[in-house]
Amino acid sequence: VDDWVGGRLDVGERQAFEFMLARSPALREKVEVSRLLANAAPSAVVVERLAEPSGFAGLFRGWPRLAFGLAGLAVLIGILGTVFLIRRENAPEMSKADPPGVGSPTVAAAAEPSPIAEPPSNAADDPPSNNGNIIRTKPSPEPTRRSVPAFAAIVLAPPTRGTSDIRSVKLETGVEYLHLSLQTEARSSGRFRVEVGDPSGTSDWRSGAIRGHSEKGRTVVSVRVPASGLKRGLLGVRLLDADAGSEVIDEHVIRIDR
């Protein structure tokens with residue numbers, strides 16, 4: 001049947017088939033079905049070929065929007081990278097063209113004098129305020145410096161009988177104390193007092209009970225006398241034994257110069 005519908009039978013076979021076709025309704029029905037299938041087959045093949053995508057289109061079949069999105073992102077990254085490289089190349093030229101301090105609003109503002117006037121001197125005691133961009137505070141007091149007292153020093157050896165050697169000490173302006181170091185042969189374990197006054201025996205200043213210390217086989221008693229009460233001229237310095245009723249141990253005469 002298919003060969004007859006397709007015209008593939010020779011003359012003898014076609015005449016024999018047509019003789020049978022004229023006498024068999026069932027055969028004619030088969031021929032009609034075969035003819036319908038043959039006529040429909042070319043159209044179906046053409047439709048299938050038209051619906052089949054090409055090789056490049058099949059690669060992006062199902063996600064064309066994603067493909068276009070990736071392409072756009074790549075273009076954007078390329079543009080940003082180009083702009084960054086251009087700005088980086090031009091940065092040294094811009095820094096050379098505008099040296100620091102020229103045209104800079106920050107430096108210019110710092111160089112200009114402040115338009116806000118200084119507060120008057122009596123405003124230092126006002127409480128702090130922040131109105132009008134003026135803050136008034138009390139000035140911090142200057143740190144007090146501890147003054148080191150200035151003093152003159154003299155060392156007096158034990159007096160020798162029959163000598164009239166008088167030592168002198170000069171009290172310059174600003175000297176606050178006269179440092180006396182009295183050497184004696186008395187024992188160092190006792191307590192002593194130092195008396196300063198007129199050589200005749202009048203006392204103008206007396207220390208409290210102090211202890212001496214041993215130095216090179218002798219006892220040394222050190223005391224500081226206020227220089228303000230020492231008059232110019234001869235001055236008597238007496239070493240007393242505080243444990244023996246203020247008995248005079250040694251007596252010296254010095255000269256005060258100013």
Side-chain angles (χ1 to χ4, degrees), residues 1-120 123-141 143:
V1 173
D2 294 335
D3 292 338
W4 181 81
V5 172
R8 293 185 292 273
L9 298 178
D10 55 13
V11 178
E13 292 177 344
R14 181 170 57 81
Q15 291 178 355
F17 182 80
E18 292 177 353
F19 178 77
M20 295 174 61
L21 183 60
R23 291 170 173 74
S24 174
L27 185 58
R28 287 197 298 271
E29 184 178 355
K30 292 181 179 181
V31 169
E32 291 297 332
V33 173
S34 181
R35 184 182 289 113
L36 291 175
L37 292 176
N39 292 333
S43 300
V45 172
V46 172
V47 171
E48 185 177 357
R49 288 180 179 177
L50 292 177
E52 182 180 358
S54 62
F56 182 78
L59 182 62
F60 293 98
R61 182 176 58 185
W63 47 287
R65 294 182 179 179
L66 180 60
F68 285 114
L70 293 176
L73 181 60
V75 173
L76 180 60
I77 292 175
I79 294 175
L80 293 178
T82 304
V83 173
F84 175 78
L85 292 177
I86 293 175
R87 293 187 62 182
R88 186 175 181 180
E89 292 177 357
N90 294 336
E93 298 179 359
M94 295 175 63
S95 61
K96 292 180 181 179
D98 296 334
V102 179
S104 174
T106 304
V107 177
E112 294 180 358
S114 174
I116 301 175
E118 292 291 335
D125 297 333
D126 294 343
S129 61
N130 195 17
N131 49 357
N133 296 329
I134 300 177
I135 300 177
R136 297 174 180 174
T137 58
K138 288 186 177 182
S140 58

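Since the model is a prediction, treat every value here as computed from it, not as a measurement. This chain uses plain numbering: 1 for the first residue, then up along the sequence.
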### Message
List the residues meeting side chain to side chain donor-acceptor pair (under 3.5 Å) with Arg8, not counting sequence neighbours, and say none if there are none.
### Response
Asp3

### Query
How would you list all residue pairs meeting salt bridge (Lys or Arg N to Asp or Glu O under 4.0 Å) that involve residues 31-40, not counting sequence neighbours?
Glu32-Arg35

### Query
Is the number of heavy atoms from other residues, nucleotides or ligands within 6.0 Å of CD (Glu13) greater than 12?
yes

### Message
With salt bridge (Lys or Arg N to Asp or Glu O under 4.0 Å) as the rule and sequence neighbours excluded, what pairs involving residues 18-28 come up?
### Response
Arg14-Glu18

#### Entry: Nearest heavy-atom neighbours spanning Val1 and Leu27
CG2-CD1, 3.8 Å

